[in-house]
Amino acid sequence: MQTSDSNLISAHARAVIDEWLAKYPAERKQSALLAALREVQHENHGFLTTELMDAVAAYIGLPRIAVYEVASFYSMFETKPVGHHSISVCTNISCMLRGGESMLEHVEKRLGIKVGESTPDGKFYLKLEEECLAACCGAPMMMVDHVYHENLTPEKVDEILGGLA
Amino acid sequence: MSATLTEAPKVEDLVTIEVDGRPLQARKGAMLIDVTDAEGIYIPRFCYHKKLSVAANCRMCLVEVERAPKPQPACATPVMEGMKVFTRSAKAVSGQQATMEFLLINHPLDCPICDQGGECELQDLALGYGSAVSQFTEGKRVVRDKNIGPLVQTDMTRCIHCTRCVRFGEEIAGLRELGATGRGEHVEIGTYVAQAMTSELSGNVIDLCPVGALTSKPYRYSARAWELRQSDTIAPHDCVGSNVHAHVKGQVVKRIVPRENEATNETWISDRDRFSYQGLGSPDRLLTPRIREAGQWRECDWETALNTAVAALQKSGSGLSALASPSSTCEEFFLLQRLVRGFGSQQIEHRLRQVDFSADSNEPLFPALGGSLAELERADAVIIVGGYPRHDQPLINHRVRKAALRGVPVIVIDTLAQDYNFELADRLTVAPSRLSAALGGLLRACADASGKPDPTAGQYAVDPATVEIAQRLQGCQRIHVLVGSRVHMDPQRGVLLGLLGALCALYPAQLSLLMEGANAAGAWLAGAVPHRGPAGRALATVETHPKPAASTYLLLGIEPSADCADPVAMRSALQRADCVVALTAYATPELDSLATLMLPIAAFAENEGSYLNGAGEWQAFGAAVKPPGVARAAWKVLRAIGAQCQLAGFDAVGCEEVARELHDACDTLAPMPAAYQLLPSTAEDVVGANTLERITQVPMYRVDALVRRAPALQQMPQAGDELVHVSPRTLERLGLADGARITVEVGEVKVATSVQMDAVVPDGCCLIYAATALAAGLPASVSVTLVAAGGRGD
Ligand code: SF4
Ligand code: FES
Ligand code: FES
């Protein structure tokens, strides 16, 4: 039926997945899927491919579509190739009131891309963040590679982005 | 959930509720919608389906429940003592209306160009609960359609995300192919990457989808629901005898849909039963009688055709032999055998793929399950031997699957390791020459485990695998042994059935014979075998196999090369005959070269008659449409021939009259169970470095002339191929690459083709699909030799 190469998953990622699988009863192995995708995405520089999702399905023993469903549902999974560093600038209410939108504009100008796009060199990805990132007290804020940066100013943004390899 | 599995509730399990002021008794914990449905109280719904799990995601079934703060979904609300429900109160109706408004927000409202129009649940409910004007002025979303194969058409913008199709895939088909990806407004139902749906039951999502998102691809844009006339008939491909409706426009069958019958097909049908009707419109259809004179075919009228047929039969006398499709009707079998026997011949056969007839005198009255289909679900162990019900009888596999999901062990002993859509408890895959040894070993292990003497007195060896299976069976009360097509095609059929009979006697277990075609059971009862007349009457004829060459052949609904065990021998017998009269719905190049006379007959929905299914139920059906051209129902053609030959018993006015005569003969019959005897095994090892044992599977979409001409099904992977399938290890041993060109040799016959790596085949064997051009070129054989193209030498 479905044959896929779970060899695409590194030994380290397998170990991580196994650890998560051990936490759940065998008939609930689907519960380990989020953690598995997170690890595999991380090792693949921030995005998933169909082959990788298939590999995860084969490794855990799930129908492929069950993996696609989860990967496409959660906004923290990317199912298309994106730039290496993931940048999310919050523009929800608190941040908007404190200049979040102009921060976003600043980032867009600096990187030369629009929100939702990646730089042609594949270095940066300006992610479209759907909702409040829950750091309103430090608004305006942005998240870069899972790290929160608060009370942003254009200078601070330049400094953060300039410091990225 | 299934009614057949639940016993009548005890009084203490009942609660009293009130719906719209009406007091009702219901089983504690039952879902409200099931209770109201049983009482005929209507609650609107989309996602609820009685055969699927509860999803409660559409919210169309909202009702008011006393003391509940908000309306509750009836499909997910269990009944409780004293509960008061209002299905039509202002609160309930406003909930239903609000749901409808939301559902319509993103719906394209493209009913005029939608195939579902006129039979759409959304349309119907929008009429009852929708508002005439939408408040939604924003842009609607659009979802790109997906190509999910040749059978199901998608128009995904219309989808309302009820997930019936998704749950069907997981819960019924056992193949999770469709899913809901994305989220919120971006949810899409599909296969994510362009993938075809490959389940043999996939077409059922067309019926399940409440809107026009999933519709029939072959039917697309060809008729409107209100133009169709509905007739009842019976699906003609397997021994389930699924009940179906033929939907007809003018004199054309536009589509086939299931007719609910809990005892046979429940609410489902297989894709084969659903789409094979396409074969009715094949350009191959024979529309007028054709006669061959001095090597030239010409069309003729019925009178000439019948005169020619009658003259040929009269000339042949007892040299007459009839071969009938196992999907012929009881009436056709009955008249055909009467005709043959009227000429003093006993040569009538419907078991065209069978080569070993050693068990003839031990056969039951008719081959069947020996019980109802639902009994399979209640089994506590199922053993499938030598066959692939998933493709051969998809809805029998569905019943077995339900048992397996309850935790019942299902064990497969076969020569191919084919894929099942449920988990097998054990699987024994052996080469054909080892099948008797495997069954003998199992018999001995089971005898040992139950403390009984081994009926074969230690003739076969046990191994750990058979001991494990024997242990599993210990203590089981309702064991079903399903005997599939590969046993019936086996040159050692009698030996295998002897062992299986002895195995069943140990417990006792139910021996169920799964035969090819829709009406093998009817064929036996009607007397379409050489050694038994109608109603199982034993005949004194001493049967000789191989059969003596006949001087005249009468073919009923068969394609000689595709339907017979040995296509090469069959063709040469027909070539040598003086006359070959083919009653056929199709004029094929093969019949052009082999037949002397072709008589056009009705196919499937054009035909009337009855089938006896595997559960032993007679199912009669009438014609839904007229046959094309001057074609006639075969029973009428046989009646005309018989009457013109001045034989007795060919004067029935209607088809029912023929059936009645047969029924009357069968009414008083004593049961006649199978009495298979243990026979010595004659299996031989196959020798030769390049010689492989040969395994056969009739592809599910090549089982008969009708389905072979259904274009949509022919595009499916289940239609088989023209390759020699070999295991990876054997390929390596032979020094062949996957896909390498080879010559297949059987004796003097050589056919060129390619090899296909296939892990379902055991080492040292090969799988060659029957009813293919490749198989048609090869004589029957237990083995074949593969030679790399370009010469011998590995
Ligand atoms: S495609 Fe049809 S059955 Fe499937 S979720 Fe959409 S509306 Fe429901
Ligand atoms: S609005 Fe930006 S973090 Fe909450
Ligand atoms: S039918 Fe109850 S929520 Fe869909």
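Each chain gets a letter, A, B and so on, in the order the sequences are listed, and its residues count up from 1.
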Would you list the atom pairs, donor with acceptor, under 3.5 Å between side chains in residues 755-763 of chain B and any protein atom, with sequence neighbours excluded?
{"from": "B:D758", "atom 1": "OD1", "to": "B:V760", "atom 2": "N", "distance (Å)": "3.1"}
{"from": "B:D758", "atom 1": "OD2", "to": "B:H725", "atom 2": "ND1", "distance (Å)": "2.7"}
{"from": "B:D763", "atom 1": "OD1", "to": "B:S727", "atom 2": "OG", "distance (Å)": "2.5"}
{"from": "B:D763", "atom 1": "OD2", "to": "B:R729", "atom 2": "NH1", "distance (Å)": "3.4"}
{"from": "B:D763", "atom 1": "OD2", "to": "B:R729", "atom 2": "NH2", "distance (Å)": "3.3"}

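Residue contact with chain B, scored on non-hydrogen atoms closer than 4.5 Å, is absent for A:A71.
In this structure, A:Y24 places its OH atom where more than 12 heavy-atom neighbours from other residues, nucleotides or ligands lie under 6.0 Å away. More than 12 heavy atoms of other residues, nucleotides or ligands lie within 6.0 Å of CZ in A:F77, so this atom counts as buried by the packing criterion. Counting non-hydrogen atoms of neighbouring residues, nucleotides and ligands closer than 6.0 angstrom, the CZ atom of A:R14 exceeds 12 such neighbours. No more than 12 heavy atoms of other residues, nucleotides or ligands lie within 6.0 Å of CD in B:E732, so this atom counts as exposed by the packing criterion.
In this view, B:F422 and B:Y420 satisfy the ring pair (Phe, Tyr, Trp, His ring centres under 6.0 Å) rule, not counting sequence neighbours. In terms of the ring pair (Phe, Tyr, Trp, His ring centres under 6.0 Å) criterion, residue partners of A:H45 (sequence neighbours excluded) are, by chain and number, A:H84.
Proximity to chain A at a heavy-atom threshold of 4.5 Å picks out B:G182, B:R183, B:G190 from residues 182-190 of chain B, in numerical order.
In this structure, CZ in B:R176 is found 14.0 Å from CZ in A:R64, a value given to the nearest 0.5 Å.
Considering only heavy atoms from C-beta on, B:T181 comes within 4.5 Å of A:I65 through its side chain.
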